[in-house]
Protein chains: 2
Amino acid sequence: MVMKFSRQRAAILSFLESRKDHPTAELVYSGVKEEFPSISLGTVYRNLNQLSEAGMIAKHSFGVLGVDHFDYNTNPHQHFVCSQCNAVIDLPVNDHDFSSIDAEAAKGFDGLIQGHRLYFCGICRDCLNKNQV
Amino acid sequence: MVMKFSRQRAAILSFLESRKDHPTAELVYSGVKEEFPSISLGTVYRNLNQLSEAGMIAKHSFGVLGVDHFDYNTNPHQHFVCSQCNAVIDLPVNDHDFSSIDAEAAKGFDGLIQGHRLYFCGICRDCLNKNQV
DNA sequence: ATAATAACAGTAATCATTACTGATATCGTT
DNA sequence: AACGATATCAGTAATGATTACTGTTATTAT
């Protein structure tokens, strides 16, 4: 199946590129809607899934949030989820600091460990500031 | 609000105690249904949530699965999710081997890291065997 | 035993996401 | 530049997990 490049898909991709947060499908929808008032939410979901299956974007499912978040940055990196405002923030930590944990977990386990999902929880700087006022 | 201890809740708790896998609400429902044919799925969900809020059981949301899993074992330990059969398996690894990663992630980050979610993905022993046949 | 109320069964509602439909846009080939 | 095959679209309906509501019942302290 040849992947055609529709204007809607281009708009979705460039919207995602323009943000360093990690928008949900709903947020992408309302963002792209300004350029394409008639775009459908289903179109956004379909494109986000196709783009992530093609490896052009990343899809993150943080269990605590219950909604999927999408990321233009496909390089492996760590995420932080604020439990107060639900913001998803990239951590400046180098990813290879966590590359050894798979080997660690494999000790004494008879299955095959291929990878892991990891994210950090806490309170972001903005919320910490708001709490102090 | 005083927590009353109904027979349904006792049955849900003891069903969970009897299993070392990590049943979903639906699975708890069909299990407890044998003892309580008239029990409602809503009752199961309500009790599982109350028990986990009370710290008597643990609730795990693995993003890859899209369903919540419940665990009688509330001691911190690591989990493995088989991407072929979706089984959730406890890893024999000591939990304190992963206790340092929060400090690692905090480097250069201005928010407050309170914890993390971590689980491992791959193929379990049973599926590896089946694949070889 | 009684009375206050937490919990129940049953059912309806919610929310994120996916599937379906006939119409339209894209893109390699003429 | 027009053509034709088909991927994609907008709109809408369906799904699946979970939560909320309601009138009735079970639990527990007094």
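In the text below, chain A, chain B and the rest are named by the order of the sequence lines, each starting its count at 1. Just so you know, these numbers use all the heavy atoms, side chains as well, and skip hydrogens, waters and symmetry mates.
Taking only side-chain nitrogens and oxygens, A/R7 never comes nearer than 4.0 Å to OP1 or OP2 of C/dA25. At C/dA25, none of the side-chain N or O atoms of A/S6 fall inside 4.0 Å of OP1 or OP2 (strictly under the cut-off). For B/T43 and C/dA9, the shortest distance from a side-chain N or O to OP1 or OP2 is below 4.0 Å.
A straight line from CG of B/L48 to C1' of D/dT19 spans 13 Å, rounded to a whole angstrom. Note: CG (B/L41) to P (C/dA7) measures 18 Å, nearest angstrom. As a whole-Å value, the separation of A/Y45 OH from C/dC20 C1' is 17 Å. Atom pair B/L51:CG and C/dA6:P shows a separation of 17 Å (rounding to whole Å applied). Taking atom CD1 on A/I39 and atom C1' on D/dT12, their separation rounds to 16 Å, with Å as the unit. Atom CG of B/D68 and atom P of D/dG16 are 17 Å apart (whole Å). As a whole-Å value, the separation of A/Q50 CD from D/dT6 C1' is 13 Å. The NZ-C1' distance, from B/K4 to C/dA3, rounds to 10 Å in whole Å.
At the heavy-atom level, B/Q8 lies under 4.0 Å from the strands shown only through sugar-phosphate atoms.
Looking at A/H79 and A/D90, their side chains do bring a donor and an acceptor atom within 3.5 Å of each other. For the residue pair B/N73 and B/H22, no side-chain donor N or O sits within less than 3.5 Å of a side-chain acceptor on the partner.
Listed nucleotides: C/dT17, C/dA4, D/dA10. Nearest to the side chain of A/V67: C/dT17. Closest contact between the side chain of A/S38 and the listed nucleotides D/dA10, C/dA25, D/dA26 involves D/dA10. Taking only side-chain atoms of B/S40, from C-beta outward, the nucleotide of C/dT18, C/dG10, D/dT18 with the closest atom is C/dG10. The side chain of B/R46 lies closest to C/dA7 when the candidates are D/dT8, C/dA25, C/dA7. Considering only side-chain atoms of A/N49, the nucleotide from C/dT18, D/dT28, D/dT8 that sits closest is C/dT18. Closest contact between the side chain of B/M3 and the listed nucleotides C/dC8, D/dT19, C/dA7 involves C/dA7.
Residue A/F98 comes nearest to A/I101 through the heavy atom pair O-CG1, 3.3 Å, listed as atom of the first residue, atom of the second, then distance. Across all their heavy atoms, A/V32 and A/F15 have their closest contact at CG2-CB, 3.9 Å.
The backbone N or O of A/A58 sits nowhere less than 3.5 Å from a side-chain atom of A/S52 that would complete a donor-acceptor pair. One N or O on the side chain of B/Y119 and one on the backbone of B/G63 form a donor-acceptor pair closer than 3.5 Å.
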- Message: One pair to check against side-chain contact (heavy atoms from CB on, under 4.5 Å): A/L51 and A/R9. What are the steps and the verdict?
- Response: CA-CA 9 Å; A/L51 288 168; A/R9 179 169 299 156; 4.1 Å; yes
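In this structure, B/R9 and B/G42 both approach DNA chain C, and ranking their closest nucleotides by distance from the 5' end singles out B/R9. For B/P37 and B/F5, each mapped to the nucleotide of DNA chain C holding its nearest heavy atom, the one lying further toward the 5' end belongs to B/F5.
A 6.0 Å sphere centred on CD of B/E35 holds no more than 12 heavy atoms belonging to other residues, nucleotides or ligands.
In the helix from C/dA1-D/dT30 to C/dT30-D/dA1, the end axes, each obtained as the rotation axis mapping the C1' atoms of four pairs onto the next four within a five-pair block, lie 40° apart to the nearest 10 degrees.
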